[in-house]
Amino acid sequence: MPWITREYGLTKREEVLLSLLEKGASNKEIAEQECISVNTVKTHITNIYAKLGVSSRDELAQKLREELRGRKRAGL
């Protein structure tokens, strides 16, 4: 999802976490996989939500689906 990173100004770390969130990983699973604390994961997720204008994992998933549909319609 490099286009999401560019479009919404996500950092590389946020891009990695977004990918894991999209796959359904829990905060604890993300923390263990990325060797960071659960609190750090929560901070990154808060930043991702703010940048994408969502407030929950469900909203995030919906936003990603909408963005993907829009790109497909635009032929990108």
Side-chain angles (χ1 to χ4, degrees):
M1 287 183 285
W3 54 273
I4 286 277
T5 299
R6 287 190 307 273
E7 192 166 323
Y8 289 94
L10 300 180
T11 65
K12 288 292 183 185
R13 174 65 88 179
E14 290 167 348
E15 180 180 14
V16 169
L17 267 65
L18 179 61
S19 176
L20 294 170
L21 287 170
E22 183 184 27
K23 294 174 184 170
S26 69
N27 289 0
K28 183 179 178 188
E29 291 168 336
I30 293 169
E32 289 172 356
Q33 183 171 333
E34 294 301 308
C35 300
I36 57 179
S37 74
V38 171
N39 284 336
T40 300
V41 170
K42 290 177 183 179
T43 297
H44 285 302
I45 290 172
T46 298
N47 293 339
I48 292 167
Y49 286 178
K51 289 179 181 182
L52 272 71
V54 300
S55 59
S56 70
R57 288 179 189 233
D58 288 338
E59 284 183 27
L60 177 63
Q62 183 174 341
K63 174 85 170 186
L64 294 175
R65 283 191 301 271
E66 290 170 0
E67 290 286 338
L68 190 55
R69 274 194 300 264
R71 290 183 63 79
K72 285 182 179 178
R73 273 182 274 181
L76 300 174

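Residue numbers start at 1 and run along the sequence shown.
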From [atom1] ([X]) to [atom2] ([Y]), nearest 0.5 Å:
{"X": "L18", "Y": "L10", "atom1": "CG", "atom2": "CG", "result": "6.5 Å"}
{"X": "L64", "Y": "L21", "atom1": "CG", "atom2": "CG", "result": "9.0 Å"}
{"X": "I48", "Y": "L60", "atom1": "CD1", "atom2": "CG", "result": "7.5 Å"}
{"X": "Q33", "Y": "K23", "atom1": "CD", "atom2": "NZ", "result": "7.5 Å"}
{"X": "Y49", "Y": "E59", "atom1": "OH", "atom2": "CD", "result": "8.5 Å"}
{"X": "R13", "Y": "N47", "atom1": "CZ", "atom2": "CG", "result": "12.5 Å"}

- Correct closest heavy-atom pair for A31 and S37 would be CB-C, 3.9 Å
- Task: Looking only at non-hydrogen atoms, find the nearest pair between Y8 and K51 and report the distance.
- Result: CD2-O, 3.3 Å
- Please check if W3 and L20 belong to a single hydrophobic cluster, counting links between Ile, Leu, Val, Met, Phe, Trp and Tyr side chain heavy atoms closer than 4.5 Å. yes
- Hey, mind stepping through V38 and K42 against side-chain contact (heavy atoms from CB on, under 4.5 Å) and telling me if it holds? CA-CA 6 Å; V38 171; K42 290 177 183 179; 3.7 Å; yes
- Task: Evaluate side-chain contact (heavy atoms from CB on, under 4.5 Å) for V54 paired with Q62, printing each intermediate quantity in order.
- Result: CA-CA 9 Å; V54 300; Q62 183 174 341; over 6 Å; no
- Heavy-atom check, side chain of I45 versus side chain of R57, under 4.5 Å: yes
- Query: Run the side-chain contact (heavy atoms from CB on, under 4.5 Å) check on V41 and E34 step by step: do they pass?
  - Reply: CA-CA 9 Å; V41 170; E34 294 301 308; over 6 Å; no
- Are any side-chain N or O atoms of S19 and backbone N or O atoms of E15, one a donor and one an acceptor, separated by less than 3.5 Å? no
